[in-house]
Amino acid sequence: MSDDATTPRLLLLDGHSLAYRAYFALPVENFSTATGQHTNAVFGFTSMLINMLRDEKPTHIVVSFDLSRKSFRTEKYADYKAGRSETPAPFQGQVSLIQEVLEALRIPVVTKENYEADDVIATLATQARAAGMEVIISSGDRDAFQLAEEHVTILYPVRGVSEVWRMTPEAIEAKYFVPPSRYRDKAALVGESSDNLTGVPGVGDKTAAKWINEYGGLDGVIANVDKIKGKAGESLRAHLAEVMRNYELNALIRDLELPLRPEDVRWHGWDREAVHQLFDALEFRVLRERLYSYLEAVEPEAESGFDLAGQVLRAGEVAGWLTEHAAAAPVGLAVTGSFGRGTGQVTGIAVATGSGPAAWFDPAALDETDERAVAAWLADPARPKVIHDAKPALLAFRAHGWAFDGVTTDTALAAYLAKPDQRGYDLTDLALRYLKRELKVDAPDDGQLALSFDGDGQDTAAEEGVMLRARATLDLADVLTAELSRDGGASQRLLAEVELPLAVVLAEMESKGIAADTGYLSELEATFAAEVKAAQQAAHEVHGREFNLGSPKQLQEILFVERNLPKTRKIKSGYTTDADSLQDLFAKTEDPLLAHLLRYRDMAKLKSTVDGLLKSVSDDGRIHTTFNQTVAATGRLSSTDPNLQNIPIRTEEGRRIRRAFVVGGEFEQLMTADYSQIEMRIMAHLSKDEALIAAFNSGADFHAATASSVFHVELDQVTADQRRKIKAMNYGLAYGLSSFGLSNQLTISNDEAKALMEEYFQRFGGVRDYLKAVVLQAGKDGYTATILGRRRYLPDLSSDNRQRREMAERMALNAPIQGSAADIIKVAMLKVDAALRSSGLSSRMLLQVHDELVFEVAPGERDALEELVRREMGGAYPLSVPLEVSVGTGRDWNGADH
DNA sequence: ATTAAGACGTA
DNA sequence: CGTACGTCTTAATG
């Protein structure tokens, strides 16, 4: 290549058209696996891809696929691309295999509803040119020729899968006698049979070019249509309408909204293991050799040549550095300090540029100019920043008085969306997994990292480490963006439109915290402590000696050996002493020790909850939990330090703890707003079960309504016991409840539970069909997806181990339901937050408890807030059943509950 | 000092 | 033999 080696080169592929070319280029009968899967198109496509990688050496790659045969063009012209024969059966299914190849090669795929791949390519090519990239497009569709220009080359496959024409502007002009900018004009006149666009009969490339060049384009030809002589002229005048139609339809759209930009698709190499497995399955032996010999050759190059020049900035140097290095292009940002409890303190900030230098500075050692520059830079939404775990940084910046905006990607959130089942999303681990780099400054010098720091002779290892993290974050963002883009945009949208903005909302909530009545908490603590002591004494007295009630091990000895009570359910260490089992034992034996024991457990648990809360009250008299956004595999949030999502509510004594969460000084009340039966509503929506949908739309008490159906009685004849049983079923369904589990929970026989479930599904068969279908589909895809496309991968669905497999099946049926509920309340939180801002209300959102939001109501805003919250939560996402919201207010959390 | 298991609170 | 979490306690490791 004659181009400057540092110019990024973007390879854009039209997936469908190349696959189709490959299919017809290679005899289908010669390419199939032992299992009968046809692979000629996969083979041909992959072969072309490898050739292009070898010959073009792109630094960035993306493939676009048509989503369907329908597009805005078929809407305008019903016969667009009509007349194409049905997709041949052996071609079916090969596209998804090609997508698997791309996935293994970590090449992102982008699609756009209602548009063709060529439009996506035209948009990306346009953006890439604006960014100064060299562009190579490969498409089997000649429409792409209109995109050729300086630095934009079209690779047009001809004859088989090994030869392409390099269609530069010069080549196009030589072949068609018009420049690429006039290619559309020519195509409109001549027609394009593959698109079923007829042109002017009798007019070919030469005549069309003659006219276009004579009259200065199609406009001129049309303006002078009466001057054109001869048969061809007559023909043109008779077919002007078609020409205009063609011209309108063959224009490629260059300004689509896409989930990624050309800069995001930097290619960082392939997933070796996945390629191995896939090529084994496809029986691509030779191709694997070719791929590997090419990839092995470029790999070292890709891994090295990474020179991070770092610099520790002193006071007075920061403003200038930022202006010079951190303007338009995204930079990586890494922050050190202490974080948590809704605040934080920054001790160091590192900024790394994509290919240039990195810098570190101490936020406490800035001069006035620097301080202003850093504040403006951090707050500027037009200065793109990439960071790993933005929320703590945001809180620490806020504590320093800095606003923070312009975060285009959070690599922790991106990694979570890509694989939500991971244990953690530590930057070091992600760098190793996705970048294959050890994130250590003093890593062995194996050419992976060339660090040349300007350290002034000082020991700047810590600062270098932070700079390296900033740089790794930036690189990781590229890889993860590509990773997330392989599903056609859903994950990217979740990141950009849900998780990223939600992090900001959560930061606000954590920063505010919720007021706690510490005096009352202390009283509670004393009360529970006394109860614990009393229960403990009573238990010791009954048994006749002292022992540790908190030790399940000692308890087992006492219950099952010394007191010779009946054995309970087996666990690893013997027999369980959990509350359910102890209840059963008590019912059977009436051993008074059990009652004291249960009482002890209850009180000890409550006491420890209160202890924990007391310890976590901040100086401002409020409790600031931390909401974790990357923990729950289903997409839910979790709450830690303290966990405010498991504050007792079921028992009266437990609810006493809720009274400790009170309204803050300047405010009037607490308000809770929760979704009623959101998971069942999602099941009704997803399953489309008409009876279930009707039960919701009836407006009656949902559990009673379903019970009335199941037991064939009028709504007002449903007994409390019938309602209780069906309520248990309703709740259990989304968890994969078995008849055994149901019988256990309701203390009825297994037969009775079976009959109950049978009768339930008799009435709500759509639900069973849906649940079965979800598991089946998940088995095929390898993952489940929520209404917003949030994925959860469940490899255990194909496990040989029955227990693991069945566990995965229950996860598969639960994940879309629980996850969709999580999606909905997240969207609701964003909407509520936005509405609160625009309404000018002073009330604020404090907590989220999965299907409930807790607010602090400013004086006089109760009604307005309720209206706002009902509107935004109720309208968060349209389902085929209403999203019902119930609202309550009170001076404390218990009083606000309903 | 860290880890695992058991128990139990919430949705 | 019901999903998703976090925390506390004990008891066993280092």
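Protein chains get the first letters and strands the later ones, always in sequence-line order, with residue 1 at the start of each. Just so you know, these numbers come straight off a predicted model, no measurement behind them.
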Which atoms of nucleotides 12-14 of chain C (N or O only) lie under 3.5 Å from a protein N or O atom, and what are those distances?
unit_1	atom_1	unit_2	atom_2	d
dA12(C)	OP1	Lys553(A)	NZ	3.0

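- Counting non-hydrogen atoms of neighbouring residues, nucleotides and ligands closer than 6.0 angstrom, the NZ atom of Lys512(A) exceeds 12 such neighbours.
- Ion pairing between a basic and an acidic side chain is recognised when a charged N comes within 4.0 Å of a carboxylate O; Arg659(A) and Asp892(A) show no such pairing.
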Contacts under 3.5 Å, N or O only, protein and nucleotides 1-3 of chain B:
none

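- If you check residues 785-805 of chain A against DNA chain C, the residues with a heavy atom closer than 4.0 Å are Arg792(A), listed by number.
- Taking a 6.0 Å sphere around CZ of Arg724(A), one finds it holds more than 12 heavy atoms contributed by other residues, nucleotides or ligands.
- Between Tyr600(A) and His540(A), a ring centre-to-centre spacing not shorter than 6.0 Å is recorded.
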Practice item. Could you encode protein contacts along nucleotides 5-11 of chain B as a string, one character per nucleotide from 5' to 3', using B for base contact, S for sugar-phosphate-only contact and - for no contact, with a heavy-atom cut-off of under 4.0 Å? Key: SSSBBBB
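- In DNA chain C, stems built from 3 or more consecutive Watson-Crick or G-U wobble pairs, each with both distances under 3.5 Å, span B:1-11 with C:3-13.
- You'll find the side chain of Glu679(A) reaches within 4.5 Å of the side chain of Tyr735(A), heavy atoms only.
- A salt bridge links Arg341(A) with Asp641(A); the closest basic N to acidic carboxylate O contact falls under 4.0 Å.
- In this structure, Arg810(A) does not reach the dG2(C) phosphate: none of its side-chain N or O atoms is under 4.0 Å from OP1 or OP2.
- Judged by distance alone, the side chains of Asp674(A) and Ser886(A) do bring a donor and an acceptor atom under 3.5 Å apart.
- Taking the six-membered ring for Trp and thresholds of 30 and 60 degrees, Phe702(A) and Phe696(A) have nearly parallel ring planes, at less than 30 degrees apart.
- Between Tyr416(A) and Val631(A), the shortest heavy-atom contact is CE1-N, 4.0 Å.
- Distances shown here put a side-chain N or O of Ser738(A) below 4.0 Å from the OP1 or OP2 atom of dG2(C).
- Residues meeting the side-chain hydrogen bond (donor to acceptor under 3.5 Å, both in side chains) test with Asp701(A), sequence neighbours left out: Arg723(A).
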